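Positions are given from 1, in the same order as the sequence printed here. Because the structure is predicted, anything quoted here is derived from the model rather than measured. Read the numbers this way: they start at 1 and go in the same order the structure lists the ligands and their atoms.
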Amino acid sequence: MERAPTLSRRSFVALSTGTASSLLLGTSHWQAPQDALKRQALPIPPLIDGTARGGVVTYDLTEQQGVMGFLPGLQTETFGYNGDFLGPTLLMRKGDQVAINVTNNIGLTSTTHWHGLHVPAVMDGGPHQRIEPGETWTASFPVLNRAATYWYHPHPHAPLGQSVLMDPMGTGYQVYQGLAGMLIVEDDTSDTLALPRSYGRDDIPLILQDRRFHEDGRLMHFPDDFNAATDPALRKGGHFLVNGVEAPLLKVGAQVIRLRVLNASNARIYNLGFSDERIFYQVGSDGGYLAAPVPLSRLILAPAERAEILVDLGADKGRKIKLRSFNSENGNRLVPRPLQDSWDTADFDLLTIRVKRTKANAVTTVPESLVTVDRIPQSEAVNAPSPRPFELNANPFGINGKRMDMAIIDARIRRGDTEIWEITNPNSQAHPFHVHGDSFQILSRDAVLPPAHELGWKDVVLVRPFETVRIIKRFHDYADTLNPYMFHCHILEHEDVGMMGQFVVE
Ligand code: C2O
Ligand code: CU
Ligand code: CU
C-alpha cells in the first residue's frame, strides 16, 4: 500500500528569510467562490479512548499517506493519522497512565508532539524524538493536565544550512499535508460542570485550516509552487477547511452547544464571530477552563491556540447561522501589508450551523461560573525583578538573535523554579509564541492585565506587533539535562526556518 515518497529536487528550497518589505503581495487566484459550494456535512473525527491493559491506556496512531477530494473532480495527495487526512481525537483521563504507539508510514522522518501536554521532555515528541520511516515510537506518561482541548502534530526540525530548507522534513510541510489531530483531557472537575459533553452532537470539535491548491489539486509547497522570496503568503490560502471539509454544514439541536475550536493552520489568524453578530461565551482556553464564561462577539485565534466556546441556540430552531472569520476588521494590525494575502483583510465563512429541534436532556443554559483558576502569584517567580527575555526576530527569523540549532541549549532552568518570561516583538507582524512542558499564565500585555478570556491557562500567546508580553510558568518537575523542550513561534514556516529555541530543566 505504500507509495514511494516523492522526495526530489522539488523538495529543496532556497528560503529567503530576508526583508519582508521587499516582498510582493500575492494574488488571490486560488480563491474558491464560496457560494458555488455544495455544502458537505461537517465530518467528526473518530473519538479514541484507548485500550486499558495492565493499568496502562494504550492508543495507536499511524502516520500514513492518503488521498482526498477537496476540490470537485480532483484528487489531492495527503497525509493523515489512521486515515487520509487529520487524525482521530484522542480522549484521555487525567490521572491515567497512557502509552501512545506512533508508527511512521509516510516515508519521511517525522515526530509526533503532544501540544500542551505536561510530559517528560523525552516523551514530548519534539524534534529530538525522531521516528524514522517504518519505525514505531512509543510515548508513555501519566496524564497530569487539566481538562481542556489539546492537540498533536509532527514536529521534525528540517536540516537547514546555506539557507536551504529540506521542506518535507519540516513541521510546516507535514502538518499542511494533513498530520494533526485533537486531544481531549477530561477530569473530575469537568465531570461536574453543566456543559454539553456529547462528542459530535453538542460538543463539537472544529479544526480550522486554510489551504492553497494547484490547478491539478496538489497542495502548494516549496519551492515550485510559490517562491518564498516573492510570495509572502507562504502556506496560507483561500480554501477554509473545518475538519478537512471546505465550509461544511453542521446540524445541531436548539440548545446550548460547545465548540472546541483548534486553529491548526500553518500561519492564518482568525477573528471569529457569528453572521448574526450574536454573543458567544468562551469557557476554556489552551490549558483549562476559565473561572466563568466570558461573553464575546469576536475572538482572535492564532495558530495552535484553542478555545472552547458555548453558543446558545435555544431560540434559533429552524435558523441557519454561520461561523465566520471577520478578518476585514484586522486591518494591518496583525499581518503587515507586505505579508498579507486577500484573506488577511477579508471576511469569510467557516461553517454553517443549521438548528433543528431541541434534543432530549439538552443543556439549555450557560453556567454562571466554572472553576477556580489559581493565578500564579508573581512573588512565586525567582526572577520577578528581571524576567527572562525573549526577543522575536524576523530578519532573519530567530529568537534572541539566534536561529534554532538542535545542538544548542538556549536556556537552563532549575527544577522547582517558577519564572517570568518577557517576550518582546519588535516586528510589524504578530507571532504566536508557544512553550512546551506545561501551561503558563499571561501576566500582562504591555504592562496591562490581559482581558478576562486570557486569564486562564495558556500554552500559546499571540504577541502583537511592537508588544511586550509577560508570562509566568512553573518548572516543577521532569528534570532532564539532555532532552530539551522547545519554545517557538507557531507560524510553522517561521518555526521551520529557525524561530525556535530549546530549554532544559535540571
Ligand atoms: Cu504545537 Cu512545539 O508545538
Ligand atoms: Cu507544543
Ligand atoms: Cu512568527
- Message: Is it the case that atom CD in Q378 sees more than 12 heavy atoms from other parts of the structure closer than 6.0 Å?
- Response: no
- By atom name, which N, O or S atom of H115 is the nearest to atom 1 (Cu) of ligand 1? ND1
- Query: For the Cu ion (ligand 3), which N, O or S atom of H431 is at the shortest distance?
  - Reply: ND1
- Item | Residue R414 excluded, over 12 heavy atoms near CZ under 6.0 Å | no
- Item | atom 1 (Cu) of ligand 1 contact by H113, N, O or S atom under 2.8 Å | no
- Query: Between R415 and F475, is NZ or CZ placed under 6.0 angstrom from the six-membered ring centre and within 45° of the ring axis?
  - Reply: no
- Is there a side-chain contact between P248 and L351 (heavy atoms, below 4.5 Å)? yes
- Task: Could you tell me whether atom 1 (Cu) of ligand 1 has an N, O or S atom of H490 under 2.8 Å away?
- Result: yes
- Looking at H494, the N/O/S atom that lies nearest to the Cu ion (ligand 3) is called ND1
- Task: Could you label the plane-to-plane angle of the F70 and F213 rings as parallel, tilted or perpendicular, counting under 30° as parallel and over 60° as perpendicular?
- Result: tilted
- Where does the angle between the aromatic ring planes of H153 and H155 fall among parallel (under 30°), tilted (30 to 60°) and perpendicular (over 60°)? parallel
- Message: Inside 2.8 Å of the Cu ion (ligand 2) but strictly below it, how many protein N/O/S atoms are present?
- Response: 2
- Item | Those residues that, when tested against F280, pass ring pair (Phe, Tyr, Trp, His ring centres under 6.0 Å) (two or more places apart) | F274
- Query: Does the gap between the ring centers of F240 and W343 come in under 6.0 Å?
  - Reply: yes
